[in-house]
Visitor: 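Can you keep this structure in mind? I'll have questions shortly.
Here is how names work: the chains are called A, B, and so on, in the same order as the sequence lines, proteins then strands, and each is numbered from 1. Predicted model, so just to flag it, every value in this text is computed and none were measured.
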2 protein chains.
Amino acid sequence: MPPNETIDRASYLPAYAQLVNILKDKIASGELRPGSQLPSEAQLCERYQISPMTVRRSIGDLVAKGLVTTTQGRGTFVKSVHIGEVSFGLGDFKGLFGEKGDTKVRLLGARIVRANKRLARKLSVREESRVINIRRLLINKDVPVLFHEEYMVYDPSLPIVEAEMEATSLAGLFSGHATSDLKGGHLTIEATTLDKEEAELLGGEVGEPAFRLAHTFYDFNDNPFSWGWFIAQGKRLSFRTSLGIFEHTA
Amino acid sequence: MPPNETIDRASYLPAYAQLVNILKDKIASGELRPGSQLPSEAQLCERYQISPMTVRRSIGDLVAKGLVTTTQGRGTFVKSVHIGEVSFGLGDFKGLFGEKGDTKVRLLGARIVRANKRLARKLSVREESRVINIRRLLINKDVPVLFHEEYMVYDPSLPIVEAEMEATSLAGLFSGHATSDLKGGHLTIEATTLDKEEAELLGGEVGEPAFRLAHTFYDFNDNPFSWGWFIAQGKRLSFRTSLGIFEHTA
DNA sequence: AAGTGGTCTAGACCACTAT
DNA sequence: TAGTGGTCTAGACCACTTT
């Protein structure tokens, strides 16, 4: 478990990764405390008999992991932990899906509506223009876990529903192959409570805590083409992360 | 705005960053669509007259940004967007603090309690052992924005309250200088609703949507020493992020 | 066999910080 | 001035995928 103090050139693990592990362990064990300075790159080269570019790669990895900071002319230092820099992944959201095959999508409705003011602004279309509204329920092992409501611009030049629906298909977005028409989007996570309809669909109680994941997706002309949100019960979902050094970083 | 098609060796911007921008723009403009293959590293070396290591650094940056993937023996390809890989930061949380000077912390109470079963498990102490309980209210411009409840192990060998309180002081954790006794921790974000007490403290309504950010912090012996949570009204907070290519990536 | 990315060398010069 | 990290070169050899 304790890594050797030398680089094993025969190891399947590349030299830079071995050095990362060595330094990481020194930090995790407290041998290198937050604020203390790491050996200089030249010293690490000499100590472990590896070339400068390899040492730099190792240190770059540690910087990327948020474990150290470098300052030109000063040196490399172990960072102390800051909550503000933590990031959470949406992988937890994906966990609602479970194993493939367990998950089904039930289409609750698809219709064409006229854009009100808010919708017109969100999709950059004129008020009263036609917009596709799609409502889906995601079911995992017969348990409804996610409600999705989405509005998409209606482009008469396209074969409507199938193409549009595939564009932001749940499976594609979360785990599989998204379309190449999607340039990117914005997401926000909000706290909310279930309303009557959502509670019925998800099998929960009205007023129960829930997450709303709102999305806007853009095409390669930077025009929004989809706006909507996912609703998940709070009890079925939480976002987890770690600060500092933990197994999962290994 | 459109970057030149050559590397400017006189630019203050390093060569690898210039190549990153060139490739990023080709992706953003749709010239390189999701799924399509980038020129090989050798071709990029030739085309832009830079050495292999420099090209690799550029591509490494794009991989880190999640814009491309590389497969040994196959090539480098533009990724399509996947929600599951998105991550969002706690910077939004930090936004509750506002400009420095606007923010005050009011100590609502600090006392020593006996650990119940749950608390004993969370802090890895025996049931009935003594634990410090601290409750704070964070106030920004006279508006209460954050309620913090925390339990810490009571170590009789330390000068109690001040040392312990500083260990996870709000200011230190979110923006400033954390102590070097903190190795790391686990965080979870949950959806919840305000109970009566929280509603009174935060000036909200009972049952109103809220976020709970729960934390456990560990020392360098991997012993948990702090467990607790922050409560923020949902209307004062949302977590935002982007997928794909947007300005903020520049 | 040809082409691709993955690792690594052994230096070079530059920009910045400290003394 | 000495020491630090930041960038970059011009190759090398390896592992892997595809034809």
Visitor: Out of dC8(D), dC8(C), dG5(D), which has the shortest distance to the side chain of S40(A)?
Guide: dG5(D)
Visitor: Give the rounded distance in Å between these two atoms: CD of Q49(B) and P of dT9(D).
Guide: 10 Å
Visitor: Looking across every strand, which nucleic acid part, if any, lies under 4.0 Å from R56(B) by heavy atom: base, sugar-phosphate, or nothing?
Guide: base
Visitor: For dT7(D) and Y16(B) - does any side-chain N or O of the residue sit under 4.0 Å from the phosphate oxygens OP1/OP2?
Guide: yes
Visitor: Strictly distance-based, threshold 3.5 Å: is any side-chain N or O of K183(A) a donor or acceptor partner for the main-chain N or O of D222(A)?
Guide: no
Visitor: Ignoring hydrogens and geometry beyond distance, is a side-chain donor-acceptor pair present between S238(A) and R240(A) at under 3.5 Å?
Guide: yes
Visitor: Within this structure, what is the OH-to-C1' distance between Y12(A) and dT7(C), rounded to whole angstrom?
Guide: 16 Å
Visitor: Starting from P on dT7(D), measure out to CG on D8(B) and report it in whole angstrom.
Guide: 16 Å
Visitor: For a quick check under 3.5 Å, do E150(A) and S226(A) share a side-chain donor-acceptor pair by atom type?
Guide: yes
Visitor: How long is the line joining CG of L44(B) and C1' of dA10(D), in whole Å?
Guide: 17 Å
Visitor: Are R9(A) and dT9(C) close enough that a side-chain N or O sits under 4.0 Å from OP1 or OP2?
Guide: yes
Visitor: Compare the minimum distances between each of dG11(D), dT9(C), dG5(C) and the side chain of P52(B), then state the nucleotide with the smallest one.
Guide: dG11(D)
Visitor: In whole Å, what is the span from the CD1 atom of I50(A) to the P atom of dA12(D)?
Guide: 23 Å
Visitor: Mind calculating the distance between CE (M53(A)) and P (dA10(C)) to the nearest angstrom?
Guide: 14 Å
Visitor: When all nucleic acid strands are considered with a 4.0 Å heavy-atom cut-off, which category describes A15(A): base, sugar-phosphate, or nothing?
Guide: sugar-phosphate
Visitor: Let's go through H186(B) and T216(B) carefully: what are the C-alpha distance in whole Å and the side-chain angles of both, what is the deciding distance for side chain to side chain donor-acceptor pair (under 3.5 Å) to 0.1 Å, and is it a yes or a no?
Guide: CA-CA 5 Å; H186(B) 295 296; T216(B) 308; over 6 Å; no
Visitor: Under 4.0 Å between a side-chain N/O of T54(A) and OP1 or OP2 of dT9(C), yes or no?
Guide: yes
Visitor: Rounded to the Å, how far apart are E41(A) CD and dG5(D) C1'?
Guide: 5 Å
Visitor: Any side-chain N or O of R74(B) under 4.0 Å from OP1/OP2 of dG5(C)?
Guide: no
Visitor: Starting from P on dG5(C), measure out to CD on Q72(B) and report it in whole angstrom.
Guide: 10 Å
Visitor: Determine whether the aromatic ring centres of residues F211(B) and F239(B) are separated by less than 6.0 angstrom.
Guide: yes
Visitor: For S51(B) and T76(A), take the nucleotide of DNA chain D holding the closest heavy atom to each; which residue's nucleotide lies nearer the 5' end?
Guide: T76(A)
Visitor: Both A42(B) and T71(A) contact DNA chain C. Which one's nearest nucleotide lies toward the 5' end?
Guide: A42(B)
